[in-house]
Every structure is written in structure tokens, then in C-alpha cells.
There are 2 protein chains.
Amino acid sequence: MNKFIRVDMTTLKVTTEKVPEKYVGLGGRALTSNFVNDEVKPTCHALGKNNKLIFAPGLLSGTTAPNSGRISVGAKSPLTGTIKESNAGGSFSQKMAKMGIKALVVEGIPADDKFYVIKIDGKRVTIDEAPAEILGGCGNYKAIEVLSGKYGEKVGIALAGPAGEYRLPSANISFKDPEGNIRSAGRGGLGAVMGSKKIKAIVIDDTGAGAVPIAEPEKFRAASKVFAKVILDHPVAGQGLAAFGTNVLVNIMNEAGGLPSKNFTTGRIDWNDNISGETVNATIKERGGDGKVSHGCHAGCVIRCSQWYPDKQGKYITSGFEYETIWGLGADAGIKDLDEIAYIDREMDDIGVDSIETAVAVAAAMEGGLLPWGDGKAVLDAVKQIAVPTPLGRLLGSGTEAIGKACGLFRVPVVKGQSIPAYDPRNVKGIGLTYATTPMGADHTAGYCIANNILSLGGFIDPLKKEGQVDISRFLQIGTASIDSTGCCLFIWFALADSPEGIQALVDMINAQYGLSLSVEEAVVELGKSVLKVERAFNKAAGFTNAHDRLPEFFEYEPCAPHNLVWDFTPEEIDEVYNFEGEEALNS
Amino acid sequence: MNKFIRVDMTTLKVTTEKVPEKYVGLGGRALTSNFVNDEVKPTCHALGKNNKLIFAPGLLSGTTAPNSGRISVGAKSPLTGTIKESNAGGSFSQKMAKMGIKALVVEGIPADDKFYVIKIDGKRVTIDEAPAEILGGCGNYKAIEVLSGKYGEKVGIALAGPAGEYRLPSANISFKDPEGNIRSAGRGGLGAVMGSKKIKAIVIDDTGAGAVPIAEPEKFRAASKVFAKVILDHPVAGQGLAAFGTNVLVNIMNEAGGLPSKNFTTGRIDWNDNISGETVNATIKERGGDGKVSHGCHAGCVIRCSQWYPDKQGKYITSGFEYETIWGLGADAGIKDLDEIAYIDREMDDIGVDSIETAVAVAAAMEGGLLPWGDGKAVLDAVKQIAVPTPLGRLLGSGTEAIGKACGLFRVPVVKGQSIPAYDPRNVKGIGLTYATTPMGADHTAGYCIANNILSLGGFIDPLKKEGQVDISRFLQIGTASIDSTGCCLFIWFALADSPEGIQALVDMINAQYGLSLSVEEAVVELGKSVLKVERAFNKAAGFTNAHDRLPEFFEYEPCAPHNLVWDFTPEEIDEVYNFEGEEALNS
């Protein structure tokens, strides 16, 4: 990966440069975050001409390393105002890597009001006017069909859906997956940045590209084999996720009393069977047809947590039917019918909005009287309005914080403007520290303490107590920043948490690919810390302080059933998360 | 003023205490800001139970000092997240002062969903359930009628309109004026704080109250006479404002090229005659009937800048028909018909929303395609929807920043979440520094550099150049913080700017009332600085940094006609505003 492509949308000019020296060793999130911190003015308007959008494959993307096909996207977030990295599956990352493209950077804003398609192939980068039929509310499923028809069935596609076109803060970037379905870089409104730059889609055609060069192929193969075995042998990563998908967590979190329900007013429901992973699995099997209980979001995935959920006639409704989406529309918004949830999930993918942000916003809108509690039909109708967009659609597409303002709520579950996902921080305390302190705004994937608190992976830490949580949130945030830089799916962590051998194999693959001899300390710990430091530096310059590393106040005085705990970390304790031992404190 | 009344809405209990020693010498904004900084947790949710709402008369309120009848209201703002003081005319301040009430503090939130009326008279404070007929969208004009009917025609009233009931971020607090019309503590959403505490209205009956005690009546009378003469003799304060109202500024600002138009895309219009002060004046005279070209918003006002604007039949439409409102709906939103603007102004008063926030939001909504440019009928209909509230009404009532998010705009004229008013900072540079740095969010009244930049009062400073602007914004912000603490209308500044004698008379009145011997340095400069320091301290603890003391980025790269200037102060230059000479820098 020796190319750095810049597309200037102000002049509609493309330049290809050699990868700047300082970025050579970086990939994925490490690259996007360093780049954004280097080139984007922290106080710029996220939708203005001075924001930049960067797409970067991970260090291992395009190789045969299992689960390494995720694409990182970075920019200043219009939702949070922080630096943002969001990653997704699909084929985009692997195609970029195979074509030797380390990063694609989009800058500027066109003077006219047209939307464009950026087309990248082995010979050139072109900027075409977007076909009219995919603009103005056209869903992503159809847009992928049209673009695949025009540019070839095998191309990779990154897409701003209707929400991105309208530059709504919850707009995601949708990626075509191997079957032509949708995988999303969901969080932080990066689709709105893409829309602000008038890019409807980026199409990548790797026809003719060779394999990613590997410095030491033998070593790579050996390490890759160990890595795959560690994952496949693991009860969660290798078996549990394939059997029930991420939605296996509904029953687990409900049992733990950490399933936030009815806009975060309780931690347990008694109708969990309606929406559990077991029920999803049984339904898919029973209905047959297009249904799949296990499927990968990108080529080379061995975890295969994704599922295809069909309707009663067996016809595909949606895939990537994740726990957090089902939790949000189910437990949090009270929709008890799985089919209704599936159709809303499909609609969110089709419009291109983050399903976490939107589901949490829906629940808040219910508390605010904008929507009736638990009414799946009303929600489907409201979500469809995002594509029009009506005032209700615009409001919903603005995210939970906006709903909170428009409805005058104090119970607004966001950190740094981004919705808190599917794990209640009062009854699962470790994850609360991650929500509060990650530079990304509330994000469970930034340091998934559920591993230790609930799944007993990497050492059990009692979710109801404060002891040990600061250390584990810090440790996981560092590790995650590294994994997000490799192109690997975060779920490899489930296996790696208890396997030094697996971590070593990951580093061995990087060393073998690039001809390096990095230690685990260097490739994982030091890299992770450096990424977090860069992200915190950007946020600090954008005006964020430790006062923003706090959960919403209601968690401090509204106890959460069934454990009836409140969020009781002091500001000083929270700030310890970013006090890297033996190092200058990040939050100094 | 020796009483401090606290109403706890959680328990519905009232306590009256002696004024805490530290607050004895403070009034108005000095008192509200010190109190909020002392008792409100900076990171609390503004609509949660830990925010507190304080009403405080100024130091001179209730006396015969000219123009001293303004009431200050303070809290953490749901619009900006900063500390907030907003003040208004009406009779509330004078009645509180005469009854010896230094401050009324409202705390907590009721457990039930009822709205209440707090009634204060000489014997007791009671908390009644609010009459059903004034709830759920009832306009302020009718609510004042109902409450006056129930509690007596002469009572003072503070009111949360429909917008306040719904806790919308642009909700103001409306005060009954001597004629039963409406004066507003407009900015920062304090009506939403009142609504969050389930207070529909506060009624004050000063029957039986004596005069405010004056330590040295002779000295007071003498100083008051000098003070009145200085104001009345001044061409702007004594004559211009009475003749044409604040709206005299339409032609002046248009001529100066600093009239922000079409959502801040230009600084001059060619249809200024449609909406000028001269036209308002001529229309009022021509229509007769209820029309008044000059009128005071509170008893004892000698400036009398308010006007009553009647319809074609001479029937009252609205009063307090201010320049900023007419500018916002007129120049900024393109509505060319004064009657349409007047009906929208009436509606905003009736619903209880800040007319600046709402007008600027309307213009942004037009740019965003939510409303048609310049269509007064569509705007009136949209504003009425705030009282329902429909999704569009909720969105509009959420303010300009929310509209910017929902419409994906980068041209969003706000600082710290509050709309920039009627003076373009590119072509009138001094006021830009005030917008950027005042602890209140964009607010022209916090340091009205238009005095020096445009009106040549207090020494002319060229509006198109940077020279001298930092010093004048700092000086005016300090002076304003003091004047806001006296209960005096800010417009006295026009006269005082060129009159050391007038400033001395103001301090002499305070000394005579309280038996003190403060110097001008102590009573104006030191007090003003101390208020600003307290406000900055609160904001800092709430998470604000110098990075928030910035104008929106588009001002830096979109030149403003006719002078085609951009906003070109560097961050370092801006930060000098709060570098108080000879003192520890406020922004350290």
C-alpha cells in the first residue's frame, strides 16, 4: 500500500502521491486519526469545506489474515464534534489494499449543487455525476443495484444514503458486502460529511490487482494459521457468535440486569424471549428460504456472526441484524415484534442512518411524546420520513441529543452527543467508563468491558462494583485502538483476551507482512496509546475537557433495577482512565 | 431587600431566610451569577432537578432611579449549557424590591406531572395548582388575563408560555408589563428551566408594601435628578430612541453594511425602507388607534423606546417591537411586510419564545429548505406550531443550532449554541468579539460595541478595522455586567458613555440608597470584572474553553458584502478580551 489518493471536491481534481513517510507504518484507525489530527482544523465546522474524510484499510487488510477486511473511515464528526473513526465490513478495504491504496482522502466542497460518484480502478480515478435515479431519497439497496449495474457486479461501493445526502448527524456510510447487501460505518455521522462533499458514492474496481505483497510469506502463513485456530477454538468467538449472532446478548444482558429498557429507566424486561438471539435463530431456521443463521460480513471472516433474517415467506428482510439494534428498538423502545424490528432495521440500512443512534433516539422520542411507546408501525413510518425528509424525519435523523432538546428531556442517554448503546452503565460499571472517556463519544466498541464484566473473558471483574473497572477500561481502549488499526474485526478480542498466543500471532502477521520485528508491547500497547493520545489531542483543541468525560447526570440519581445501583464513579476516578501508568497523563 | 425566598418544587415547601452575608451587596446579574456559580453544579443537566432558577431585582430596583426596574433571571441555560442571566422590564422587579425580596430561588422538580402557580404577597408564599385553562398551549396574553382576573389586576406576573411548558430551548420567561402586555427575559431558554420545575407562573402582589428604604434620601434625590437629566439630554437615549424605537437601527446598520441578511450571506439589502424605524413610526402615526410611538416597558422609564404597533384598523398587534426581531424576520429571513412581521412577533410573545433565537432559526430553516424564503404566512404558521407542538414546532423551538443540524448546514450563526443577532461581525468587528467571548453565548447586549463602532458614542472606533476593538469589547463587557446588576436598562449606557457625570450619579444613587461610599472604580469596574470572572469560572467547570470563544467558521471564509470583509481576528487576539489588564488573566 504505497498510494495516497486525494480528491479535491472544490476543484474536482485528483492527485496521487506517495504515502507520506510518517504514515507508512499506520493503517485503519491509527492512520485516520493521525491524519485528521494533522490536517483537519479541530474547530472547523464538520460540514464545512475544511473537514476532510479519509478511508483507510487496516494494516492486514487484503491479506489472508482471518477477519482483517474492515475499512476505517475518519473525519471530524458532525454528531459529536470530536475526532471520529468508524469501521465496517464489506469488500472496500480489501480492494483498496490489493490496489495498493493506503488511503483515500476527500477534501473541499463543490461550488455547484450536483452529487458525484468517485470511481477508482487500476488505471485512474474519475469523478462522474451521480445518476439521477439514485438521488433524492433513493434507498441504498436500489442504489447498490444501479451502481453495480453501471460499474460492474464485483465493484466495492461506499455510499451516502438519503440521510447522508441530507447531511443528517446520524447518517452512516454504507458499504456493499459480498452479496450486495449493506454493512455500515455507523457511528458519528460520517455519511453527513460524505454528503457535505457531494459524494453520493465511491466505487472501487480492483480488476487486475494482484495480491498484497508479503515480506515473509512462510512466517505469515504460519502465524495466520495459529491466529485462525485461536479464534475458531474459542467458545464465544468461534462458536457462540456463529450460532446465535451478537443478539445472543439479549438474554445474557437481561439476566445480568444491564439491558437498558424504556429509555434507560430499568435494566430488565420480562418479554426478552420475544427478541432474544435464541428466538431469532429459531425463527430463521423455521422460516428457511433466504434465512442464514451464520454468515460473514466480509471475505475471510471465520467468526461469521451475521445473520440473514427472512420474512414469513422466507424472503430476505435484513442482515447484520445486531444485538444493539434489536436491543434499541426492542427493550429500549418497547417494540415486542421481531418482524417489525427487522423491517425498521432494513429501513435504517436503506436510508443510511446509524441503527444505534436512531433506535435510542426513537426511545427518547417515545418518552418525549413524539411517538407512541412500543409502536413498531409508527416507528417504521417515522424512520421512512428521514428519507423524505419531513420535519419529524429530520429531527429523528439528528440523533438522540436533538430529540432530547426538542422534547425537553433530562433523561438523554448520550456522551459527547452520541447515544449510549445497549449496556447500562449503572449495573455494568466498566462499560460506563468507556462511554465516558473514549474520544469517540459513547461507544461500546471503544473498550468493550462487557468481555470482563459479563462474559468473564480476560478475567472476570464484578460488573456491580467499581474495583478493577478503571484499569480494564483503560486496557481495553488501548487494545481496541490497536485492533482497529489492523483491519481486524473487534470480535477477535474475545479469543485474544485469554490467549497470549493469539496476540503474538496477530503481531507476527504484521511483522511478516511488513518485514518488521515489532514486539507485542510496540505493536499493540504503544500503538494503541499513541492513537488515543492523538485523538485526545484533537478533541482538546476542539474544546473538549474532562468535564465532557462524564455520563449524563440522571445516571447519578436514578437507580437502575434490578440492582438499583446508580453511577457512582467520582470525576477523579473517571479521569484515572486516561492516566497512562508510567507516562505523562493524557488528560494533563 | 433583606429576604431570600426559596421554593423547593420537589417538596412544595417554601422557606424564607435572611439574605446570606455574601450576597448583601449584590443585585441583578451580580447576584444571579454568583448564586448560580455557588449552588448549581456546572455539569448538571439544565432541565434536571439540580438546576436552580433565581429571580433578582437590581440594586436600584423599586426606587425612583430612572429606568431601574429590570428583573434579572439566572440559571444554567438549556440552550447554551453556560451560566445565563437574562433580564426584562415589567413590574416584577419593582414589586419584589418594595417587598424586600432580594431573590426568589426555585429548586427541585415535582414528582407529579401538575403545573403550579407560585403566589407571593405580603403575608405568605403559596403554591397553587395552575388553572387548567392556561395550560397546554394557552397563549401568554390570555394567561395574563386569567391570572390577573384571579389574583388581581395590579399583580406582577412571570410566566412560562407554551414553549416553557414544553421545555423548549428557546423558551423565554414572559413578564406582565404595566399595561398587561408582555416583556421578555428572552435569551437562553430560561422559560424551559421554569417549565422543567413545573411552574406555569409566579404572581407577586405588593399590596401594602412601602417604599424601598433609602439611607440618605436627599443625596439620592439629587443624584437621581442628575442621572435623569444626563439621559434625557442625550441625542440617542433621550431623543432618538423615543422617536423611532430601537428599529431606527435598520437604516443605520444597512447603511453601515452590517445588517446580516439572508441567513448572514450579505450585509445590506435594497428594501430596507419596508422595515425601517422610520416606516414603523410613520405607520403607527398614520394608523392611530392603539398605536403608540413611544412608551416605557416599566414604570419610571424615561427613555421610552417601546412602541405599540397597531393593525390597519388601529387595533394593538404587538409592543416592544424591537430592531433585532424586525431585522431577523425582515432582513435575515426576507419577510418584506411589516404587518406580517408584527403578527409573528406577537405570536412569539404569546408562545413565549426568544424572538432573536426564533427569527434566526427561521432564516436558517429557509436556507435548509424547511420554509420558503421570505414567506411571512408560512413562518406565522410554523411559529404557531410551537404551541401545539408539532415536530416542526419542536424543531423551530429548539433554536438555530438544532435547525442547522437537522438541515445539515455549515452556515449556522451561533456562538455557544445561541444565535448571533442583528449586527454582522465581519463588517462591525467589535461586536464580533463580544459574541465570541461573552460567557452568555452570542449576545449583543453583553458588550454593545455598536455604540462605538456605529453610533460614535464613547469614542468612535472604525467598525471595519481590528484596531481598538479588543479593548472596547472588554471595557463594555465589564461595564455591562455592572449595569445589569443595578436593575437599570442597558440603554442608559448610550448617555453614560460620554458622561463621567452620569456614571458618577449612578454610583451616587447606589451609595445613597445603601449608605455606602463606593468609588466608580469599585461600583462599576471591580464589580463588573468580578461578575465576569464568576461567570467564566462556572463555564470553565461546565467544560467550556477558549476554543468555544470563537465565531462560526464560515465568517472566516465567506466575505460579507458590501465591504467584503471576513472575520480575521486570530484566536490569540480574541483571547486578549478576557486578559484583564493588571490582573490575573481570566482565561488562564
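Naming: A, B, ... by sequence-line order, numbering from 1 per chain.
- No other option in A:Thr390, A:Ile109, A:Thr545 has as many heavy-atom pairs under 4.5 Å with chain B as A:Thr545.
- Note that the CG atom of B:Asn50 and the CD atom of A:Glu556 stand 8.5 Å from one another [nearest 0.5 Å].
- Across all their heavy atoms, A:Leu395 and B:Pro391 have their closest contact at CD2-O, 4.0 Å.
- Residues from residues 409-420 of chain A that place a non-hydrogen atom less than 4.5 Å from a non-hydrogen atom of chain B comprise A:Leu409, A:Phe410, A:Val412, given in numerical order.
- Only the backbone of B:Leu79 has a heavy atom closer than 4.5 Å to any heavy atom of chain A.
- Neither the backbone nor the side chain of B:Ala46 comes within less than 4.5 Å of any heavy atom in chain A.
- The side-chain hydrogen bond (donor to acceptor under 3.5 Å, both in side chains) analysis of residues 160-169 of chain A, with sequence neighbours excluded, yields the pairs A:Glu165-A:Lys200.
- Interface residue B:Lys49: backbone and side-chain heavy atoms are both found under 4.5 Å from chain A.
- Nearest heavy-atom pair, A:Ala547 versus B:Ala541, reported as atom, atom and distance to 0.1 Å: CB-O, 3.7 Å.
- The side-chain heavy atoms of B:Lys405 and A:Lys405, taken from C-beta on, include no pair separated by under 4.5 Å.
- The shortest heavy-atom contact between A:Glu553 and B:His45 is OE1-N, 2.8 Å.
- If you tally non-hydrogen atom pairs under 4.5 Å between each of A:Leu47, A:Thr43, A:Leu168, A:Leu396 and chain B, the highest count goes to A:Leu47.
- Your options are A:Cys407, A:Ala171, A:Ser196, and the one with the most heavy-atom pairs under 4.5 Å with chain B is A:Cys407.
- For A:Ala365, no part lies under 4.5 angstrom from a heavy atom of chain B.
- Summarising the geometry of A:Ala406 relative to B:Ser398, their closest heavy-atom pair is CA-OG, 3.3 Å, with the distance given to 0.1 Å.
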